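Because the structure is predicted, anything quoted here is derived from the model rather than measured.
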Amino acid sequence: GVTAVRWSDGSMVIAGLNHVSHVAIKRFDGATRKWGIWWNPVGTVNVVGPPGLVSWGESFGQLFYATANGHVHEIGTEDKGKSWQ
C-alpha cells in the first residue's frame, strides 16, 4: 500500500515500501511542478506494513512507520517534505 498527502500550494509526498521493506518517498514540488526522486528518509530500517502520512498548515507533516518489534516511529517535516527529522 501507499499513502499520500498534499499541502495547499500543490506540493505532495507519496510514501510506500520498496522491495526490501524500507520506507520510500517521492515528493512533488508545488512551486516547480516537478517530481523528485524516490528516496528513503529513515535509513535501512525494516518496516512492517505501509507507512502513514499526515499534513497540516502551510508546510508541516509527519511520517509514521511500524517495525517488527511492535514500535511505531515518526519523523517530521516543516518544509513540505523536502527534509525529514
Side-chain angles (χ1 to χ4, degrees):
V2 296
T3 185
V5 293
R6 182 181 182 279
W7 287 272
S8 61
D9 74 342
S11 293
M12 294 181 280
V13 171
I14 299 171
L17 296 184
N18 66 15
H19 66 288
V20 291
S21 297
H22 298 159
V23 173
I25 67 169
K26 191 170 190 175
R27 183 177 178 276
F28 179 79
D29 189 308
T32 65
R33 313 303 287 174
K34 297 192 185 290
W35 284 98
I37 61 168
W38 285 102
W39 66 285
N40 180 337
V42 301
T44 58
V45 177
N46 285 344
V47 176
V48 294
L53 285 168
V54 295
S55 65
W56 67 94
E58 291 288 319
S59 58
F60 295 99
Q62 296 290 118
L63 170 75
F64 300 89
Y65 60 95
T67 52
N69 62 5
H71 292 110
V72 175
H73 304 268
E74 65 180 279
I75 58 174
T77 183
E78 296 180 356
D79 57 9
K80 302 174 193 163
K82 291 178 188 174
S83 62
W84 295 87
Q85 51 185 342

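For the residue pair Arg27 and Asp79, the shortest heavy atom distance occurs at NH2-O, 4.0 Å. When all heavy atoms of Gly10 and Phe28 are compared, the closest pair comes out as O-CD2, 3.4 Å. Smallest separation of non-hydrogen atoms from His22 and Asn46: NE2-OD1, 3.0 Å. A pairwise comparison of heavy atoms in Leu17 and Gly49 identifies CD1-O, 3.4 Å as the closest pair. Between Thr3 and Pro51 the shortest heavy-atom distance is CG2-O, 3.3 Å. In terms of heavy-atom proximity, Val42 sits nearest to Leu63 at CG1-CD2, 4.4 Å.
Remark: the backbone N or O of Arg33 is not paired with any side-chain donor or acceptor of Asp29 at under 3.5 angstrom. The main-chain N or O of Gln62 is never found under 3.5 Å from a side-chain atom of Trp84 such that the two would form a donor-acceptor pair. At least one donor-acceptor pair closer than 3.5 Å links the side chain of Thr77 to the backbone N or O of Ser83.
Contact of the Val13 side chain with the Leu53 side chain is registered, since non-hydrogen atoms from C-beta on lie closer than 4.5 Å. The closest side-chain heavy-atom distance from Ile75 to Pro41 is below 4.5 Å. In this structure the side chain of Trp39 reaches within 4.5 angstrom of the side chain of Ile25, judged on heavy atoms.
Ion pairing of Lys80 with Asp9 is present here, as a side-chain N (NZ or NE/NH1/NH2) and a carboxylate O approach within less than 4.0 Å.
Residues that satisfy the ring-ring contact (aromatic ring centres under 6.0 Å, His included) test with Trp38, not counting sequence neighbours, are absent from this structure. Judged as a side chain to side chain donor-acceptor pair (under 3.5 Å), and not counting sequence neighbours, Ser55 has no contacts.
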Item to check | Pair Trp35-Ile14, side-chain contact (heavy atoms from CB on, under 4.5 Å): steps then yes or no | outcome: CA-CA 10 Å; Trp35 284 98; Ile14 299 171; 3.5 Å; yes
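For CD of Glu74, the number of neighbouring non-hydrogen atoms (other residues, nucleotides, ligands) closer than 6.0 Å is greater than 12.
Under the 3.5 Å distance criterion, with hydrogens and angles disregarded, a donor-acceptor pair is assigned to the side chains of His73 and Thr67.
Cluster membership for Val48 and Tyr65, using ILVMFWY side-chain heavy atoms within less than 4.5 angstrom, is not shared.
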